[in-house]
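By convention in this document, chain letters (A, B, ...) are assigned in the order of the sequence lines, proteins followed by strands, and residues within each chain are numbered from 1. Hydrogens, waters and symmetry mates are skipped; everything else that's a heavy atom, side chains included, is used.
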There are 2 protein chains.
Amino acid sequence: MVELSLGLSLDNIFASLADPTRRDILRQVAIKELSVSDIAKAYNLTFAAISKHLKVLERAKLITKRKEGREQIVQLAPSTMKDATEYLRTYEKLWNDRFDALDAYLKTLPK
Amino acid sequence: MVELSLGLSLDNIFASLADPTRRDILRQVAIKELSVSDIAKAYNLTFAAISKHLKVLERAKLITKRKEGREQIVQLAPSTMKDATEYLRTYEKLWNDRFDALDAYLKTLPK
DNA sequence: ATAACATTCAACCAAATGGTTGAACTTTCT
DNA sequence: AGAAAGTTCAACCATTTGGTTGAATGTTAT
């Protein structure tokens, strides 16, 4: 388990993002805070299944929950996703170098 | 399984990135092409385990292999990682909006 | 031909994942 | 107080994952 500064782990972040339901939940709460049942309504899954998905997202610190009366309100934790982007960005230069090399090579080929 | 344009799936890409060994393999081959045994030497794992990791990366189209004599040379497939970055970038605006909102709120607080 | 090297395949195992159902708990409404 | 709403917990199940070992395959060197 590779850990980042604040106890964040890329393992957990990417594992969370590997599931389409969870990506979609993130998309939803990125637009607007929602209660657990708001979220559950949108999917053909049991309440418990959604609850589990949220726990995965919470462990990865991609969302936070706060209690409001009998409801749990889910909201995006934007800083964590930034870490994932930053990780990928680190490699961008290398990818771009590869593309440039390919490009240069192609130019050496006979027309 | 959510599919992107070229048969790429974010499911597979992110699942691949969720493992530290695989992230490290990507890091290595991003710098320089390596044979399977070059890679295996760097980890305290059996050859077969590495072979499996490579199959996961191949399925996600993050690497490609080509045969050279009795060796398999592993090389980065940069375009796929770009898709993952692009996905995360899509949400960046939303995250930034959240940060801006928080920032504005903090300014309303008494000093 | 035979040995050595590079890699994969098959069978197995333990742990994790994504789902279910049903009971339990807390908060609100009447 | 009792019912309903919102959510979680526990137990279970099937599948996937990350690892192992040992045999099998293809390639190169002697």
Phosphate OP1/OP2 of C:dT8 contacted by B:Lys65 side-chain N/O (<4.0 Å): yes
Whole angstrom value for the distance that separates P of D:dT8 from CG of A:Leu45: 15 Å
Gap between atoms CD and P, on B:Glu71 and D:dA29 respectively (whole Å): 11 Å
Residue pair B:Arg66, B:Glu71: steps toward the salt bridge (Lys or Arg N to Asp or Glu O under 4.0 Å) verdict: CA-CA 8 Å; B:Arg66 67 168 192 278; B:Glu71 291 189 329; over 6 Å; no
Separation of B:Ile73 CD1 from B:Glu68 CD (nearest 0.5 Å): 4.5 Å
Separation between CD of A:Glu86 and OG1 of A:Thr90, rounded to the nearest 0.5 Å: 6.5 Å
Spacing between A:Asn12 atom CG and C:dA16 atom P, to the nearest angstrom: 12 Å
Sub-4.0 Å heavy-atom contacts from residues 46-56 of chain A onto DNA chain C, ordered by number: A:Thr46, A:Ala48, A:Ala49, A:Lys52, A:His53
Separation of C:dT27 P from A:Arg66 CZ (nearest whole Å): 16 Å
For atom OH of B:Tyr43 and atom P of D:dG19, their distance in whole Å: 11 Å
Whether A:Phe14 and B:Phe14 hold their rings parallel, tilted or perpendicular, with breakpoints at 30° and 60°: parallel
Most 5' of A:Asp19 and B:Gln72 on DNA chain C, judged by nearest nucleotide: B:Gln72
Any B:Arg22 side-chain N or O less than 4.0 Å from OP1/OP2 of D:dG18: yes
A:Asp24 CG - C:dG18 C1' separation (whole Å): 16 Å
Nearest-Å distance for atom pair CZ/C1', residues A:Arg70 and D:dA4: 7 Å
Nearest-neighbour nucleotide for the B:Ser37 side chain, C:dA4, C:dT7, C:dT17 considered: C:dT7
Sub-4.5 Å side-chain heavy-atom contact between B:Tyr43 and B:Ile25: yes
Residues in side-chain hydrogen bond (donor to acceptor under 3.5 Å, both in side chains) contact with B:Ser35, at least two apart in sequence or another chain: B:Ser37, B:Asp38
ILVMFWY cluster, B:Leu10 and B:Leu26 together (side-chain gap under 4.5 Å): yes
A:Asp11 CG - D:dT17 P separation (whole Å): 15 Å
Phosphate OP1/OP2 of C:dT27 contacted by A:Lys67 side-chain N/O (<4.0 Å): yes
